Amino acid sequence: MSRINRLPDNVANKISAGEVVQRPASVVKELLENAIDAGATKITVIVKDAGKELVQVIDDGGGMDEQDALKCVERFATSKISSAEELDTLGTLGFRGEALASISSVSHFELRTRRKDDRVGLNLRYEGGVLTERNDAAAEEGTSVSVRNLFYNVPARRKFLKTNATEFRHIFEAVKAQVLAYPEIRWQMLNDGEELFNFRSSDIYERLNFFWGEEFAEGLIEVHEENDFLSLHGYVGKPGMLKRQKNEQLLYINRRVVQNRMLSQALQQAYGELLVERQAPFALLFLGMDAGQVDVNVHPSKLEVKFEDERSIRSMFYSVVKRAVRVQDFSPDIRESPACAGFSGDYPEKLRNRDAKLTFQELPSRASTTDELYSNYRSGQAAGNPFSGTLVSEQGEILPRRPDLFSSPSYATGSAREVSGFVEEGAGPDAPDAKIWQLHNKYIICQIKTGLMIIDQHVAHERVLYERAVEIMDNNVPNSQQLLFPQKVELKPWEFEVFEEIADDLSRLGFNLRVFGARTVVIEGVPQDVRNGSEAYILSDMIEEYNRNAEKLKLEKRENLAKSYSCRNAIMTGQKLAPEEMRSLIDRLFATSMPYVCPHGRPVIVRMSLDQLDRMFGRK
Ligand code: ADP
Ligand code: MG
């Protein structure tokens, strides 16, 4: 007698439900996909008891006739494909014909549907996958699917559901992902009888602000790129001011939500040094490509995908995001608290309060460009500065307005080592007239056309040195300066290991080093920017920093070295700067690709407008 039996469909469905339906949120996801595939223009999601009691999705899509309605809960019953080849031209979110079969086998399931031209609709009820009721019904056009008492017949599963808060969060994330991907659909959601949202317009900003808070969308950078093979559009967050630690990244391929390590990593790398430790940028990005380029049939919930040509996709994705991220002005505005607007009387008390309430706005509300701020600064200086608009090198030659650090020999040959790597403007403007001040040997304050800007001298210099270091290493720019008296350094064993790993790049950077004995290194030359007197310990300092970055931040080698180098060589907080040094620093800062954020992700510049000052002093 044969021992092998074919499982009855309702048993098979129940088993495969284990894969497709993990929790109420999986039901929500599948039902939403079906509603979208049905061409809905309005979708309502109703949830009770975090989906444990009820998940209902109502759409105004195409609906089903009686035959299809009866068939749709059968295993592998789909209207979306009829052959495996069609996966290559797939234009729908569903294709397996598995979802409704699985869901109906582990719940009390109700389907109500009517096509536009049908006079009456149909109502079907199932219990554990078995049809229990079949009626004509006066249904609205479209389809409504109700899933009650999920896992009522799989107690082990039901027991493993998490708290309502957790299950609801998963549901909400699943809905949010679709609400943001389909702005043309009017979405409504009700939870335990309370309306959470009802988006009637297709304004994506309204939705972003709803989910992440007022003014959130204004702090985003729009991404838009298209070529013959791929398209990428959406929004990413500005770095520097992004304090969110939580991963808020929504990635889509052909409007399907996906999780993809390669893309998340490329995104992270595109921000590179702009992020501080463990920060992750916000992203809502839609990648479009030919359906044949991507295999969506590799994961039970269709969440993971496989690319035909992963490398090209990565490289386009990376470079588009990187470019978008680096052209913006990220400097935070200083915002006075609303409490001090229109302030009058009660002088000391309020003044103290007001000082305490000066806060940085998390995300700048204005996306001006780097050029704008720089010219703003330039014209702010114009009043008392006979050399405004020009930079003069030591040799008296006029440098370009926004000096490229390497286009001018005076920057590259660094004849100004004395002043910690700055180029001195020998014939520069007189200090008394210049609208530029140093505060507590730490911050540089300067007048700009619209008010004032404050620059952190250390991080500004770090940014300058960082970019210069990367440039030097990548392009083999000669950058070494021989030491009159070579220095011997004995490295600890672990330091020597790190040293060997980065020796090549160190020499590209301008360190002229010779190994002598087991762990001794002789420093014969150093890069231009190394401060006088720091040659002996700079190497161990950098190695230490490099090692820490490698462990904590998992940085790419050269990026890490540039970061360690700039951090250890930048002028310190506490160092007094001459006006021409400050001006030179500002010019060089604005010649970098990213003046607003230091290589560690901290802000370099903050601004305060005259308008804000006027309001603080009750002038407005
Ligand atoms: P799939 O979406 O993979 O085809 P499902 O089990 O989710 O499989 O759905 C089975 C079929 O039922 C779909 O192919 C579709 O024809 C039909 N269907 C499901 N939901 C809806 C809906 N909301 N509106 C119209 N048709 C639907
Ligand atoms: Mg489906």
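These numbers come from a predicted model, not from an experiment. When a ligand or atom number is given, it counts from 1 through the structure's own listing order.
Between Phe210 and Phe199, the ring centre distance stays below 6.0 Å. Ring centers of Tyr126 and His108: at least 6.0 Å apart, outside the cut-off. Taking the centre of each ring, Tyr235 and Tyr205 come in below the 6.0 Å mark. With ring centers used as reference points, Tyr182 lies 6.0 Å or more from Trp187.
Here atom 27 (C) of ligand 1 lies nearest to Met64 when heavy atoms of Met64, Glu30, Glu74, Arg75 are compared. Checking Gly61, Ser79, Gly97 against atom 1 (P) of ligand 1, the nearest heavy atom belongs to Gly97. Proximity annotation for atom 4 (O) of ligand 1: of Asp68, Val145, Thr78, Thr78 comes nearest, heavy atoms only.
Considering backbone and side-chain atoms alike, Asp37 places every N or O at 3.5 Å or more from each N or O of ligand 1. Ligand 1 has an N or O atom lying under 3.5 Å from an N or O atom of Leu100, backbone or side chain. For a threshold of 3.5 Å applied to N or O pairs, the pair formed by Ala77 and ligand 1 contains no separation below that value. The N/O atoms of Phe95, backbone and side chain alike, include one that comes under 3.5 Å of an N/O atom in ligand 1.
Using a 30° and 60° split on the angle between ring planes, His233 and His224 fall in the tilted class, from 30° to 60°.
Within the 2.8 Å limit, Thr78 places no N, O or S atom next to the Mg ion (ligand 2).
Inspection of the Asn260 and Ser264 side chains reveals no N or O donor paired with an N or O acceptor under 3.5 Å.
Salt bridge annotation for Glu66-Arg134: present, with a cationic side-chain nitrogen under 4.0 angstrom from a carboxylate oxygen.
Each of the atoms 2 (O), 3 (O) of ligand 1 lies under 4.0 Å from some heavy atom of Gly94.
Among all protein heavy atoms, the one lying closest to atom 12 (O) of ligand 1 is Cys72 CB, 3.2 Å.
Under 4.0 angstrom from ligand 1, the non-hydrogen atoms of Thr143 all belong to its side chain.
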